[in-house]
Amino acid sequence: MKGTKTCNRRSKPGDWRRHRKGGFMHIGLFGGTFDPIHRGHIALAQAAQEQFQLGRVLFVPASVPPHKQKQPLTAFAHRYAMVALATAGGKLFCPSLLEAPAEPPPGIPSGKKPAGTTSAANYSIDTVHRLKQTLKKSDQLFFLIGIDAFRDIAQWHQPEALFQECEFIVASRPGYSLADVANSLPERLRPAAAVTKPFEKQPARGDLVLNGVTVHLLDSVHQAISATAIREAVAAGKPLGKLVDPAVADYIKKAGLYRNNR
């Protein structure tokens, strides 16, 4: 484990307790490729932090997300740097190295792994387990995610265990119903069709509380921004001011990222 980075400095996991105001803390874990991080990500985190009184929101750039067919176009170091820049103004937002790729031992060329090492892929359940080892049992962990990604949650690695370890905060948007949310759950946790049918016309808002599942829905975050659109804008030479933080836009320009977007 690489550890985490607090808002202003690199620290060991145990340093979380120095920021604790009471006996427990609500902590948000926001994972993603962040290729690049944009204003929609920040808006989601801000809404979640305010509504659920999160004492920290960890932004965790993925190394190799195993559930995505297309892997990140940009190296982890660049994506982490952009996350650090985008979250610098948020006192409760922290870039995290929880899923940083392992560095090869001295003498091993970059890209080559010694026998017996594991894949660079990171599963969310493993990230959650590593994080919770640094927290108190009284702390509450919330997993932040957009509804499009949540729709694929049943295909993730050990999804049932993930719901046991944390509550979910899902950023909803128009066009999704509460039934869509319930039907996205892993099969063992999913209600029967007869139970969810009455909710097909009910917007995805409020809380969904079932046996072994707690999902909180944020329906106030509607920013039509995508990382794909940002990469296309860069390749076309268009301004990024409305899409990303100015510091991120400047970093993308100086590092020459996404110019040959594919």
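Sequence positions, counted from 1, serve as the residue numbers for this chain. Please read all numbers here as calculations on a predicted model, not as lab measurements.
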Excluding sequence neighbours, so at least two apart, what forms side-chain contact (heavy atoms from CB on, under 4.5 Å) with A182?
-> P191, T196, L208
Hey, is the main chain of G241 close enough, under 3.5 Å, to the side chain of R39 for a donor-acceptor pair?
-> yes
Do the side chains of L210 and V170 join up, straight or via other hydrophobic residues, at under 4.5 Å, putting them in one cluster?
-> yes
Between R259 and K253, the two heavy atoms sitting closest are NH2-O, 3.3 Å
Quick one: does I230's side chain get under 4.5 Å of V244's, heavy atoms only?
-> yes
Smallest heavy-atom separation, A171 atom then L44 atom, equals CB-CD1, 3.4 Å
Where I42 and A86 come nearest, the two heavy atoms and their spacing = CD1-O, 3.9 Å
Measure the shortest side-chain to side-chain distance between H216 and F52 over non-hydrogen atoms and say whether it is less than 4.5 angstrom.
-> yes
Can you tell if the side chain of P36 reaches within under 4.5 Å of the side chain of Y251, non-hydrogen atoms only?
-> no
Ignoring hydrogens and angles, tell me if any N or O in the side chain of D139 forms a donor-acceptor pair with the backbone of K136 under 3.5 Å.
-> yes
Any chance you could measure L243, atom CG, to I37, atom CD1, to the nearest 0.5 Å?
-> 13.5 Å
Contacts of type side-chain contact (heavy atoms from CB on, under 4.5 Å), residue Q51, not counting sequence neighbours | L218
So, do Y80 and P95 sit near enough that their side-chain heavy atoms are less than 4.5 Å apart?
-> yes
Evaluate the side-chain contact (heavy atoms from CB on, under 4.5 Å) criterion for residues L141 and E167: first the C-alpha distance (whole Å), next the side-chain angles of each, then the deciding distance (0.1 Å), finally the verdict.
-> CA-CA 7 Å; L141 186 61; E167 297 184 8; over 6 Å; no
Any donor-acceptor pair under 3.5 Å from N183 side chain to A179 backbone = yes
Please walk me through it: do I27 and Q140 pass side-chain contact (heavy atoms from CB on, under 4.5 Å)?
-> CA-CA 6 Å; I27 298 167; Q140 178 65 56; over 6 Å; no
Could you tell me whether D148 and R173 have a side-chain N and a carboxylate O separated by less than 4.0 Å?
-> yes
Centroid-to-centroid, F59 to H41, below 6.0 Å?
-> no
With a 4.0 Å cut-off, would you call R130 and D126 a salt bridge?
-> no
Can you list every salt bridge (Lys or Arg N to Asp or Glu O under 4.0 Å) pair that touches residues 45-55, not counting sequence neighbours?
-> none
Within a strict 4.5 Å, meaning less than it, do heavy atoms of the I252 and L240 side chains meet?
-> yes
Determine whether the aromatic ring centres of F168 and F163 lie less than 6.0 Å apart.
-> yes
Atom pair CG (L131) and SG (C166), whose distance is rounded to the nearest 0.5 Å = 9.5 Å
Which atom of W156 lies closest to which atom of S124, heavy atoms considered = CZ3-OG, 3.4 Å
Going by the side chain to side chain contact (heavy atoms under 4.5 Å, CB included) test, name the single residue among I169, L185, L217 that passes it with F150.
-> L185
Between CD on residue E165 and CD1 on residue I125, distance to nearest 0.5 Å | 5.0 Å
Under the side-chain contact (heavy atoms from CB on, under 4.5 Å) criterion, do L97 and F76 qualify, and how do the steps go?
-> CA-CA 10 Å; L97 292 168; F76 178 89; 4.0 Å; yes
Report yes or no: do T74 and Y258 form a side-chain donor-acceptor pair below 3.5 Å?
-> yes
Looking at side-chain heavy atoms only, is the closest gap between F142 and L29 below 4.5 Å?
-> no
Rounded distance [0.5 Å steps], OG in S177 versus NZ in K201 | 11.0 Å
For L189 against V213, the heavy-atom pair lying closest together = CD1-CG2, 3.7 Å
Please check if the side chain of D245 supplies one atom and the backbone of A247 the other of a donor-acceptor pair under 3.5 Å.
-> yes
Indicate whether any N or O donor in one side chain lies under 3.5 Å from an N or O acceptor in the other, for E99 and S63.
-> no
Going by atom types alone, do S172 and D219 pair a side-chain donor with an acceptor below 3.5 Å?
-> no
Atom pair CZ (R79) and CG (D35), whose distance is rounded to the nearest 0.5 Å | 5.5 Å
Kindly indicate whether the side chain of L257, heavy atoms from C-beta on, has any atom under 4.5 Å from the side chain of M82.
-> yes
Given side-chain contact (heavy atoms from CB on, under 4.5 Å), test F93 with Q46 step by step and report yes or no.
-> CA-CA 9 Å; F93 293 170; Q46 288 177 334; 3.6 Å; yes
At what distance, to the nearest 0.5 angstrom, does CG of L92 lie from CG of L54?
-> 8.5 Å
For residues Y176 and V181, determine if any side-chain heavy atom of one lies less than 4.5 Å from a side-chain heavy atom of the other.
-> no
Heavy atoms only: give me the nearest A45-L144 pair and the separation to one decimal.
-> CA-CD2, 4.0 Å
